Amino acid sequence: MTKEEIEFAKLFTKCKSSGISSINTCYHPNCNEKSINSHILQKNGILSSIATDRHIWEPEINQFKQPQFQFKREGINKVYSFNCFCNKHDTDLFQKIETDNVDFEDYESCLLFTLRTLYNEIWRKEVNLKMYDCLIKENPEKFNNPFFLEHVRQEKLGLNDLNFMETEIWNDLDNGTESYVFESRKINKIELCLSSFYNYDTTEEMHNYRIKYGKDMERVSEIFINIFPNKDETILLMGYNKKDEKKVKGYFYTFFKESEKRLQRKLTNLMLFQCETWVVSEKFYNDKIKGISELFASGFSFSCNNPNERQMFPLNIFQESFKDDYKKWNKKNVG
């Protein structure tokens with residue numbers, strides 16, 4: 001690294017650490033207690049079920065490594081964790097879904113899975129915005145420019161969309177209303193956990209809307225997805241806001257009506273190109289990722305420049321031939 005790159009790395013680390021440490025209050029709307037380290041999914045029972053020596057593998061984006069998209073082995077005390085709720089709310093609020101017999105037909109249970117995933121996304125964006133603010137203050141010459149400020153604006157728009165969802169979820173929990181549609185499906189067990197939101201609307205669709213109407217979409221349509229082992233099977237749990245039903249319903253239900261093989265392709269495309277928040281077992285990593293991890297980095301770069309995020313590629317990470325198939329895809333699409 002050059003001297004300038006080293007200085008930037010130090011500033012980036014300083015600003016990110018400052019952003020993380022500054023978010024330390026319980027996210028419950030009626031609480032100001034200090035937040036504790038929470039897990040998006042249950043540590044003992046879900047994450048531990050795919051761990052080897054209490055460690056699992058997760059993708060990581062690090063601007064100071066080459067390639068930037070890498071995988072790291074992390075302990076289950078740290079992986080999938082962030083400062084979210086105080087001890088009381090983290091324990092009491094989620095008691096219903098931290099048992100061996102979760103009812104996936106129960107609306108409130110599905111909503112609680114959504115809430116933790118939502119707050120992880122909110123936390124990540126709040127950390128980023130505090131980090132960006134620090135970078136601009138520390139080095140305005142480098143960061144106070146239209147390109148960087150547009151990036152900040154987009155992050156704020158994303159946070160606004162998540163805050164809208166946050167309000168509706170708490171309203172549902174407090175008043176017994178149902179603003180979302182949830183569906184679940186049992187599939188063959190896979191040593192994978194994925195918890196994320198992703199936009200149904202593509203970059204191309206949002207760009208065309210901006211050109212046509214001279215403004216951003218009032219709100220984007222978010223799809224919520226959770227995948228995790230449950231006893232001898234894996235649960236796929238997904239949801240969307242009822243306001244988006246006309247737009248997303250047809251797409252959404254393909255995850256529940258199509259064959260498991262076609263579903264595996266959909267999940268593979270989400271893992272490779274749209275969702276970053278996933279972890280896998282040591283065996284899964286060795287079988288499917290080890291030796292070709294640089295191709296995942298290439299795929300990540302490809303996804304950043306692909307304006308049609310719903311484009312489906314014939315890739316299936318759960319098949320024996322995946323490594324060879326992904327090499328061929330990478331050569332054809334990335335070069």
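Note that the structure is predicted; figures quoted are calculated from it, not measured.
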What residues, two or more places apart in sequence or in another chain, satisfy ring pair (Phe, Tyr, Trp, His ring centres under 6.0 Å) together with [X]?
| X | value |
| --- | --- |
| Phe318 | none |
| Phe143 | Phe8, Phe148 |
| His207 | none |

Ring centroids only, cut at 6.0 angstrom: are [X] and [Y] within range, meaning strictly under it?
| X | Y | value |
| --- | --- | --- |
| Phe85 | Phe94 | yes |
| Tyr27 | Phe82 | no |
| Tyr240 | Tyr200 | no |
| Phe113 | Phe182 | no |

Say whether Asn199 and Glu309, considering side chains only, have a donor N or O and an acceptor N or O under 3.5 Å apart.
no

Does one side chain, of Ser281 or Glu191, offer a donor that lies under 3.5 Å from an acceptor on the other?
yes

Euclidean distance, [Y] [atom2] relative to [X] [atom1], rounded to 0.5 Å:
| X | Y | atom1 | atom2 | value |
| --- | --- | --- | --- | --- |
| Arg219 | Phe164 | CZ | CZ | 4.5 Å |
| Trp57 | Leu192 | CH2 | CG | 16.0 Å |
| Trp123 | Leu159 | CH2 | CG | 14.0 Å |

Go through the structure and list residues passing side-chain contact (heavy atoms from CB on, under 4.5 Å) with [X], not counting sequence neighbours.
| X | value |
| --- | --- |
| Gln42 | Ile46, Glu98 |
| Leu118 | Leu115, Ile122, Leu162, Met165, Glu166, Ile169, Phe197 |
| Asn230 | Phe104, Ile235 |
| Arg124 | Asn120, Glu121, Glu276, Thr277 |

Pairs in or reaching into [range]: which pass disulfide (SG to SG under 2.5 Å), with residues at least two apart or in two chains?
| range | value |
| --- | --- |
| residues 95-146 | Cys15-Cys134 |
| residues 180-261 | none |
| residues 255-303 | none |

Are any non-hydrogen side-chain atoms of Asp201 and Lys247 less than 4.5 angstrom apart?
yes

State, with a plain yes or no, whether a side-chain heavy atom of Asn286 is found less than 4.5 Å away from one of Glu282.
yes

[X] (side chain) donor-acceptor with [Y] (main chain) under 3.5 angstrom:
| X | Y | result |
| --- | --- | --- |
| Ser109 | Ile97 | no |
| Lys242 | Glu178 | yes |
| Asn145 | Phe147 | yes |

Return each pair, listed once, that meets side-chain hydrogen bond (donor to acceptor under 3.5 Å, both in side chains) where at least one residue sits in residues 322-335; pairs must be two or more places apart or across chains.
Ser321-Asp325

Minimum heavy-atom distance between Lys189 and Pro229, given as atom pair plus value:
CE-CB, 3.8 Å

Quick one: sort the Phe71 and Phe296 rings into parallel, tilted or perpendicular, breaks at 30° and 60°.
perpendicular

Which other residues belong to the hydrophobic cluster containing Tyr213, where Ile, Leu, Val, Met, Phe, Trp and Tyr are joined when side-chain heavy atoms lie under 4.5 Å apart, directly or via other members?
Met206, Tyr209, Met217, Val220

Between Thr117 and Phe224, is a side chain to side chain contact (heavy atoms under 4.5 Å, CB included) present by the stated rule, with each step listed?
CA-CA 8 Å; Thr117 307; Phe224 155 78; 3.6 Å; yes

When you look at Lys266 and Glu258, which way does the side chain to side chain contact (heavy atoms under 4.5 Å, CB included) test go after all the steps?
CA-CA 10 Å; Lys266 290 179 181 294; Glu258 294 183 349; 3.0 Å; yes

